[in-house]
Amino acid sequence: QVPLVESGGGSVQAGGSLRLSCAASGYTDSNYCMGWFRQAPGKEREGVAIIDGDGSTNYADSVKGRFTISKDNAKYILYLQMNSLKPEDTAMYYCAAVFKNSYARRYGSRCKTMVREDFSYWGQGTQVTVSS
């Protein structure tokens, strides 16, 4: 499989915005659930947002109303628009993908649950730092 490659991270002040991108050739069709995860120092990697093949989405409670996941199937890019950033959003952000047939055996046909161990393909991550 072609690697997932994230970009768009950086340093921003609280209240600011960033848009992360993930080059995801081969993963953005309806056969995959795609998601964004993050890991802060000393913490477990946690799910942030997930998107289904039909564009339906789900978010962690901590980012609802502030983050938006989307994808451009024609350009094979996954996005995470992050607004109203907070210092607690500081983390390494990773995009990830899982083949829906594998995911559905545990969770059914909708891409909704975000558990790190269920995702098979990962990027190297991009750092987001939010200062107060």
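Residues: numbered from 1 along the sequence shown. Bear in mind the structure is a predicted one, so any value in this text is a computation, not a measurement.
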What's the shortest heavy-atom distance between [X] and [Y], and which atoms?
{"X": "Tyr76", "Y": "Gly26", "result": "CD2-N, 4.0 Å"}
{"X": "Tyr59", "Y": "Met114", "result": "C-CE, 3.9 Å"}
{"X": "Val128", "Y": "Gly9", "result": "CG2-CA, 4.2 Å"}
{"X": "Gln127", "Y": "Thr129", "result": "NE2-OG1, 3.5 Å"}
{"X": "Tyr103", "Y": "Cys33", "result": "CD2-SG, 3.7 Å"}
{"X": "Val48", "Y": "Phe67", "result": "CG1-CD2, 3.6 Å"}

Quick one: do [X] and [Y] end up in the same hydrophobic cluster if we chain Ile, Leu, Val, Met, Phe, Trp and Tyr together by side-chain heavy atoms under 4.5 Å apart?
{"X": "Tyr94", "Y": "Ile69", "value": "no"}
{"X": "Phe37", "Y": "Tyr107", "value": "yes"}
{"X": "Met92", "Y": "Leu4", "value": "no"}
{"X": "Leu20", "Y": "Met34", "value": "yes"}

Decide if the gap between the ring center of Phe99 and the ring center of Tyr32 is smaller than 6.0 angstrom.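 Under 6.0 Å, so yes.
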Under 3.5 Å: donor-acceptor pair, side chain of Thr90, backbone of Val130: yes
Using modelled atom types and a 3.5 Å cut-off, is there a donor and acceptor pairing between side-chain atoms of Glu6 and backbone atoms of Cys95? yes
For the [atom1] atom of [X] and the [atom2] atom of [Y], what is their distance to the nearest 0.5 Å?
{"X": "Arg110", "Y": "Asp54", "atom1": "CZ", "atom2": "CG", "value": "4.0 Å"}
{"X": "Gln13", "Y": "Ser132", "atom1": "CD", "atom2": "OG", "value": "9.0 Å"}
{"X": "Cys111", "Y": "Asn58", "atom1": "SG", "atom2": "CG", "value": "10.5 Å"}
{"X": "Arg38", "Y": "Asp89", "atom1": "CZ", "atom2": "CG", "value": "5.0 Å"}
{"X": "Trp36", "Y": "Ile50", "atom1": "CH2", "atom2": "CD1", "value": "13.5 Å"}

Do the rings of Tyr27 and Tyr121 sit parallel, tilted or perpendicular, given the 30° and 60° boundaries? tilted
Decide if atom CD of Gln124 counts as having more than 12 heavy atoms of other residues, nucleotides or ligands within a radius under 6.0 Å.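 It does not: Gln124 CD has 12 such atoms or fewer within range.
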Side chain proximity check, Thr68 to Arg19, heavy atoms < 4.5 angstrom: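 Contact flag for Thr68/Arg19 side chains = no.
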Pair listing, salt bridge (charged side-chain N to carboxylate O under 4.0 Å, His left out) test, anchored in residues 115-125, at least two apart: Arg106-Asp118
Donor-acceptor list for residues 78-85 side chains, cut-off 3.5 Å, not counting sequence neighbours:
residue: Gln81; atom: NE2; partner: Asn83; partner atom: OD1; Å: 2.9
residue: Asn83; atom: OD1; partner: Ser17; partner atom: OG; Å: 2.9

Answer yes when Asp52 and Lys100 have at least one side-chain N-carboxylate O distance shorter than 4.0 Å, and no when they do not.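 Yes, this pair counts.
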Before giving the answer on side-chain contact (heavy atoms from CB on, under 4.5 Å), spell out for Arg45 and Trp122 the whole-Å C-alpha distance, their side-chain angles and the decisive distance to 0.1 Å. CA-CA 12 Å; Arg45 191 171 299 186; Trp122 292 87; 3.4 Å; yes
